[in-house]
There are 2 protein chains.
Amino acid sequence: METIGIADTGKTHMNTRDLQYVLAVAEHRSFSRAAQACHVSQSTLSGQIKKLEEWLGVALFERTNRRVMPTEVGESIIRSAARILRETDQIREIAMSAQDPLSGRFRIGAFPTLATYVFSKLVSLIKTDLPNLRLVLVEEKTDHLVAMLRSGDIDAALLAMPVHDDSLVCRQLFEEPFLVAMPTGHPLAEEPVIDVHRLAHYPLLLLEEGHCLRDQALDVCQQHGMRVDQDVRATGLETLRQMVRAGTGITLMPRVAVRDDDGIIYRELAAPAPTRSVGLFYRKTSAKRSVIQRIDPLLSRLAASEQQAA
Amino acid sequence: METIGIADTGKTHMNTRDLQYVLAVAEHRSFSRAAQACHVSQSTLSGQIKKLEEWLGVALFERTNRRVMPTEVGESIIRSAARILRETDQIREIAMSAQDPLSGRFRIGAFPTLATYVFSKLVSLIKTDLPNLRLVLVEEKTDHLVAMLRSGDIDAALLAMPVHDDSLVCRQLFEEPFLVAMPTGHPLAEEPVIDVHRLAHYPLLLLEEGHCLRDQALDVCQQHGMRVDQDVRATGLETLRQMVRAGTGITLMPRVAVRDDDGIIYRELAAPAPTRSVGLFYRKTSAKRSVIQRIDPLLSRLAASEQQAA
DNA sequence: CTTTAGTTATCGGTAAAATCGATGTACAAC
DNA sequence: GTTGTACATCGATTTTACCGATAACTAAAG
């Protein structure tokens, strides 16, 4: 029969197997040899090719008993089929190389007053322990990070606890005390350890709205009846540090941000010292849990070294 | 379960249907809506995606009850899947547009002493009647054309009959008488119609080996005891014509090649005049039979106009 | 002309896969 | 809690792919 007109074969979709059959026939120029190559019976291969041809409404091959050759359309379609099979191979390759989740991309976020001090160390730890992991670092304020976590824009985030979001789970990493930062010559600098109540006399400099460090500091203030310098809103922790050095006031500073610094004196607070708790957050459903499980101990080591440095 | 490790799902091949499922989920960000869009039940779609994921060994989507989002690998694979579906669409388009065989490529051959005189007319006929047909013309000697026909390098050929090849079929087009071509002033020119036996006195100029016109002329010679000028072997019909004009000798010329020509006189041969029969040859199994059936009448008209011109 | 060896096409039965509908399970909102 | 809504799972059914045997055909050899 001529292959004009559309036969309803009930077939709805193409199968890569069929395309391989087609390519095999095109290559071997024989149904039976192609069938051997595909490890199916000749009848199966003939039948499948026939169905495909009926579905397409065109003959892919011109059959002689001595020879099988592609038709003109067949040639075009064979080229397309080859492209498709290359692409399916690529899918398998993508999947294969992703079998090892440690060689993928991992997007992790941290809020600004932590990110600066943690990311560089995190990067060097990851580089040695998980060299194939492509790390993407995101420094955003906490609210934004939570939104990104939920929408899948990042895989994990270092956040100050607590964060109330049922779709997320958390592993606590370290508890970090706040220290008092003051300019050299400040009256409080005379004591090696400062009782929180002493701070009531000195209005605290804070970061602008939205920074969780601001909220944490505000918490401390409210608990101990401290005052806040309402006129100053620093945009970043380093700016805040400069202000302290310039004698504008004093502030609370998380320990990660503490460093030897001309013009500034850091003093611990007396127990029970106010702290902030940092945890690693990720979606309960995250597909990257295996990566997270590997990163977790690294972060713990990082946390331990922080404690030790103090 | 984590998607690490290779699960043997018995699955062997990818189906475009599955890829459409994947794309639908990626688009609708929901299994149930995707299922609706694909006109299958949600259970089917879930099951198929799951099987695909197991086969690939990676999760394509991260599922929450409120949200479905592609994993990192998922994104890559979704892009590949989109490319594959585009390509399968193209296959269908190729097949569709080939439904009309009259818009394809048609490769036709003719032997040299015919091609020159027939192809130009054939082209103009096709251009008006089958404007979408892309015509490829091949001028080769008969043996080569037969080989090309058999191997599928051309779809049809105009050949001098008979051609003995069981894989080919033939439709006779026209029977073409040979005329005698001689220089002006030749003794034979005095008669309006020449009896074949008169030619015995004048050795015939012939084409070189391999040309079917040579074989045809040799046949005529043997049948009527004519002689051949063994020293001359023209490489083409126009060369032969120049030789005749130069007075080198006389020759037989098929009527298609006859034209008003200074220095040459053509004379018909007395009945039963020797002829050559030209037919259209194509493979029994040719996928282009529908095109051939449309070209056939055009060739007949061409043949008729030849007869009439005489 | 008959035989033989090689090809593709076809048929019936069987194994496997896709599908459906119903149900299970988890989560979020109220 | 309760309800609503999502995805996962299960068993029965339909559809599909597959095989083996065989038919139909061709080319070449006897």
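The sequence lines fix the lettering, A, B, ..., with proteins before strands; numbering per chain opens at 1.
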Visitor: Both A:Arg17 and B:Gly47 contact DNA chain D. Which one's nearest nucleotide lies toward the 5' end?
Guide: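 That would be B:Gly47.
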Visitor: Give the C-alpha distance, both sets of side-chain angles, the deciding distance and a yes or no for side-chain contact (heavy atoms from CB on, under 4.5 Å) between B:Thr142 and B:Asp215.
Guide: CA-CA 11 Å; B:Thr142 302; B:Asp215 301 331; over 6 Å; no
Visitor: Could you state the CD1-P distance from B:Ile49 to D:dA6, rounded to the nearest angstrom?
Guide: 17 Å
Visitor: In a check of side-chain contact (heavy atoms from CB on, under 4.5 Å) between A:Val58 and each of A:Thr71, A:Ile77, A:Leu52, which one passes?
Guide: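 Result for side-chain contact (heavy atoms from CB on, under 4.5 Å) with A:Val58: A:Ile77.
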Visitor: Nearest whole Å is fine: how far is C:dT25 C1' from B:Phe31 CZ?
Guide: 15 Å
Visitor: Could you check which of C:dA9, D:dC19, C:dA22 has an atom nearest any side-chain atom of B:Ser43?
Guide: C:dA22
Visitor: Could you check which of C:dT19, D:dT9, C:dT8 has an atom nearest any side-chain atom of A:Ser30?
Guide: C:dT8
Visitor: On the nucleotide C:dT8, are OP1 or OP2 found under 4.0 Å from the side-chain N or O atoms that A:Lys50 carries?
Guide: no
Visitor: What is the distance, to the nearest angstrom, from the NZ atom on A:Lys51 to the C1' atom on D:dA17?
Guide: 7 Å
Visitor: Choosing from C:dT10, C:dC20, D:dC7, which nucleotide comes nearest the side chain of B:Ser32?
Guide: D:dC7
Visitor: Tell me: CD of A:Glu62 to C1' of C:dT8, nearest whole Å?
Guide: 14 Å
Visitor: Does A:Phe61 reach a base, just sugar-phosphate, or nothing at all? Heavy atoms under 4.0 Å.
Guide: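 If one applies the 4.0 Å heavy-atom cut-off, A:Phe61 turns out to touch nothing in the nucleic acid.
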Visitor: Hey, are B:Thr113 and B:Arg276 close enough side-chain-wise for a donor-acceptor pair under 3.5 Å?
Guide: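 Yes - a donor-acceptor pair under 3.5 Å links their side chains.
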Visitor: State whether the side chain of A:Gln48 and the backbone N or O of A:Leu19 hold a donor-acceptor pair below 3.5 Å, judged by distance alone.
Guide: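 It does not hold such a pair.
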Visitor: Can you tell me which nucleotide in C:dA9, D:dC7, D:dC19 comes closest to the side chain of A:Val40?
Guide: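 Among C:dA9, D:dC7, D:dC19, the one nearest the side chain of A:Val40 is D:dC19.
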Visitor: Nearest whole angstrom, please: distance from the P of D:dA28 to the NE2 of B:His164.
Guide: 16 Å
Visitor: What's the NE2-C1' distance between A:His39 and D:dA17, to the nearest Å?
Guide: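 Distance, rounded to whole Å: 17 Å.
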Visitor: B:Gln42 and B:Ser32: side-chain donor and acceptor closer than 3.5 Å?
Guide: no
Visitor: Would you kindly give the CD-to-C1' distance between B:Gln42 and D:dA6, to the nearest whole Å?
Guide: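 It is 8 Å, rounded to the nearest whole Å.
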Visitor: Between B:Lys288 and A:Glu72, does any NZ, NE, NH1 or NH2 come within less than 4.0 Å of an OD or OE carboxylate oxygen?
Guide: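 A salt bridge is present here (some side-chain N lies under 4.0 Å from a carboxylate O).
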Visitor: When you check the phosphate oxygens OP1 and OP2 of D:dA17, does a side-chain N or O of A:Thr44 lie under 4.0 Å from one of them?
Guide: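 It does not, given that no N or O in the side chain of A:Thr44 lies less than 4.0 Å from OP1 or OP2 of D:dA17.
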Visitor: Among B:Asp18, B:Thr88, B:Thr16, B:Asn15, find the one that has a side-chain hydrogen bond (donor to acceptor under 3.5 Å, both in side chains) with A:His13.
Guide: B:Thr16
Visitor: Within the 3.5 Å criterion, strictly below it, is a donor on A:Ser80 or B:Gln90 matched to an acceptor on the partner's side chain?
Guide: no
Visitor: A:Leu52 CG to D:dT16 P: how many Å, rounded?
Guide: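 After rounding, the gap between these two atoms is 14 Å.
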Visitor: Assign each of A:Ser41 and B:Ser46 to its nearest nucleotide of DNA chain D by heavy atoms, then name whichever residue's nucleotide is nearer the 5' end.
Guide: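 Result: B:Ser46.
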Visitor: B:Arg63 has a side chain; which of D:dA17, C:dT8, D:dA8 sits nearest to it?
Guide: D:dA8
Visitor: Could you run down the sub-3.5 Å N/O contacts of the protein with nucleotides 25-27 of chain D?
Guide:
from: D:dC25; atom 1: O2; to: A:Asn65; atom 2: ND2; distance (Å): 2.8
from: D:dT26; atom 1: O4'; to: A:Asn65; atom 2: ND2; distance (Å): 2.9
from: D:dA27; atom 1: O4'; to: A:Arg66; atom 2: NE; distance (Å): 3.1

